[in-house]
Number of protein chains: 2
Amino acid sequence: MYVSARSDYALRAMLAVAAGTTGDAATTGGDRKPAGADGHPPPGGELVKAAALAEAQEIPLSFLQGILVDLRRAGLLLSHRGTEGGYALARPAEEITVGDVLRAVGGSLTTVRGLPAERAGYQGVATGLRDVWLAVHGAIALVVDQTTLADLLSAGQRPTADAPLAGT
Amino acid sequence: MYVSARSDYALRAMLAVAAGTTGDAATTGGDRKPAGADGHPPPGGELVKAAALAEAQEIPLSFLQGILVDLRRAGLLLSHRGTEGGYALARPAEEITVGDVLRAVGGSLTTVRGLPAERAGYQGVATGLRDVWLAVHGAIALVVDQTTLADLLSAGQRPTADAPLAGT
DNA sequence: CGCACAACCTATCAAGCTAGTAGGAATAAC
DNA sequence: GTTATTCCTACTAGCTTGATAGGTTGTGCG
């Protein structure tokens, strides 16, 4: 039961993009974005630069760039190049779940020895193990597929009251 | 969400030890163990050799030996050297859970970037992530701490009917 | 057009897990 | 006591993941 650094970074980056900017800009108004008076606002919202994400969440910038490419190819992020470029959510934060992000960077949600949990191929006395992994997979999916980025953002503002705990 | 080969092998080895011998010896009676008429039966049951475990579950023998050392140090296995040596369960199969085995070889049950889920140290907009990992941890613990080796052995004989599914 | 900026891509390096090999230490049988 | 068998403990190669550096392509502005 191991969550890779890639998955953790991807979720933190997505949350930072959803929040807009540096990370604790909830109170500090500051300057928003120039947004060029030309007339092409980004479809998903405001554009956040990769360097800002790396600094806000303390993620190695070059490693983060590879993760952002995966998120864009999965259809979760929109990117824009150039001087005022950056990243924005492809969908509202209410419609992006934690499971979407995990699957975008990790392939399958749960893997056993590198393979998806469904195809394990046990034999002899270990036949029952497959059901255990499937049960674990279901329990994890129940949590991550029902938690959206918007949920996490609102939970972060409050003093951590209603954690989406399933059993204990 | 990644189950390492070490954890998978450890569970399969424990199941093979619990079953007694090669793996599908439920029907084939064959020769049991000589057990030397000297008068010291193994406390946990019958002794199974590491080579038999490796062949029955197709685990690299040398890699398996390192796993068996961990299981012995964790107090889950008893070992005996010599001509008729081998491994046996330190407790009945009904009192050993899947979680016990996973913790013996993997340290903590769930880790995020190598650290236990409890101490993650998020900041800014990612504060809510900690609750997600704790919820996942709880969901996994609910499954693996309530499934014993005896449950898996009896489930393997039946045609896979009552999987211990928690939610879906 | 030329310059600066930022996303994008490819190659390179370090670290941990997986896997295999060789030798030492303990136990039972002869 | 000798020998065979087995557990036990290093040490040594691939391989995947984490992390890094440099170069390329697209964009806005003067």
Side-chain angles (χ1 to χ4, degrees), chain A residues 1-10 12-13 17 33-42 46-55 57-73 77-88 105-107 111-115, chain B residues 1-10 12-13 17 33-42 46-55 57-73 77-88 105-107 111-115:
Chain A
M1 297 294 118
Y2 179 76
V3 178
S4 67
R6 197 175 185 81
S7 300
D8 187 50
Y9 287 160
R12 282 156 65 181
V17 172
K33 72 176 203 311
D38 198 1
H40 45 75
E46 316 175 7
L47 287 175
V48 183
K49 296 183 186 49
L53 297 174
E55 189 184 4
Q57 289 295 321
E58 293 182 354
I59 304 173
L61 175 58
S62 11
F63 191 35
L64 173 64
Q65 287 182 334
I67 297 171
L68 292 173
V69 170
D70 284 349
L71 294 172
R72 184 182 63 82
R73 286 180 182 162
L77 284 182
L78 298 176
S79 65
H80 200 62
R81 295 204 214 186
T83 310
E84 291 296 328
Y87 293 91
V105 297
T111 58
V112 179
R113 291 180 54 207
L115 284 77
Chain B
M1 297 297 114
Y2 178 76
V3 178
S4 67
R6 196 176 185 80
S7 301
D8 188 49
Y9 287 159
R12 282 156 63 181
V17 172
K33 70 174 204 312
D38 200 0
H40 43 75
E46 317 175 7
L47 289 175
V48 183
K49 296 183 187 49
L53 297 174
E55 189 184 4
Q57 288 297 320
E58 292 184 356
I59 304 173
L61 175 58
S62 46
F63 191 35
L64 173 64
Q65 288 183 333
I67 298 171
L68 292 173
V69 170
D70 285 349
L71 293 173
R72 184 180 60 84
R73 287 181 182 160
L77 282 182
L78 297 176
S79 64
H80 200 63
R81 297 202 213 185
T83 308
E84 291 296 328
Y87 293 92
V105 297
T111 58
V112 180
R113 290 179 55 206
L115 283 78

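A note on names: the letters A, B, ... follow the listed sequences, proteins ahead of strands, and every chain is numbered from 1.
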Trainee: Any idea which heavy atoms bring Gly114(A) and Tyr2(B) closest together, and the distance?
Mentor: N-CE1, 3.5 Å

Trainee: Rounded to whole angstroms, how far apart are CG on Leu77(A) and P on dA7(C)?
Mentor: 12 Å

Trainee: Counting the atoms with a prime plus P, OP1 and OP2 as sugar-phosphate, which does Ala50(A) contact under 4.0 Å by heavy atoms, base, sugar-phosphate, or nothing?
Mentor: sugar-phosphate

Trainee: Expressed as a whole number of angstroms, how long is the span from Lys49(A):NZ to dA6(C):P?
Mentor: 6 Å

Trainee: Does the side chain of Leu53(B) come within less than 4.5 Å of Ile59(B)'s, by heavy atoms?
Mentor: no

Trainee: Grab the CG-P distance between Leu78(A) and dA7(C) for me, whole Å please.
Mentor: 14 Å

Trainee: Return the value, rounded to whole Å, for the distance between atom CZ of Arg72(B) and atom C1' of dT6(D).
Mentor: 13 Å

Trainee: Between dA6(C) atom P and Tyr87(A) atom OH, what is the distance in whole Å?
Mentor: 12 Å

Trainee: Testing the basics here: between Tyr9(B) and Pro60(B), what is the closest heavy-atom pair and its distance to 0.1 Å?
Mentor: OH-CD, 4.0 Å

Trainee: Using nucleotides 15-24 of chain D, report all nitrogen or oxygen pairs with the protein that are shorter than 3.5 Å.
Mentor:
from, atom 1, to, atom 2, distance (Å)
dG18(D), OP1, Ala5(A), N, 3.0

Trainee: At 4.0 Å (heavy atoms only), tell me whether Gly86(A) reaches a base, stays on the sugar-phosphate, or touches nothing.
Mentor: sugar-phosphate

Trainee: Sequence neighbours excluded and cut-off under 3.5 Å, please list the side-chain donor-acceptor pairs for residues 61-69 of chain A, or say none.
Mentor:
none

Trainee: Val3(A) and Met1(B): which non-hydrogen atoms are nearest, and at how many Å?
Mentor: CG2-CE, 2.8 Å

Trainee: Within the pair Ser79(B) and dT6(D), is there a side-chain N or O less than 4.0 Å away from OP1 or OP2?
Mentor: no

Trainee: Identify which one of Asp70(B), Val17(B), Val48(B) satisfies the side-chain contact (heavy atoms from CB on, under 4.5 Å) criterion when paired with Leu77(B).
Mentor: Val17(B)

Trainee: Mind calculating the distance between CD (Glu58(B)) and C1' (dG20(C)) to the nearest angstrom?
Mentor: 17 Å

Trainee: Mind calculating the distance between CD1 (Ile67(A)) and C1' (dC9(C)) to the nearest angstrom?
Mentor: 16 Å

Trainee: Between P on dA6(C) and NE2 on His80(A), what's the gap in Å once rounded to a whole number?
Mentor: 13 Å

Trainee: Looking at side-chain heavy atoms only, is the closest gap between Leu78(B) and Arg72(B) below 4.5 Å?
Mentor: no

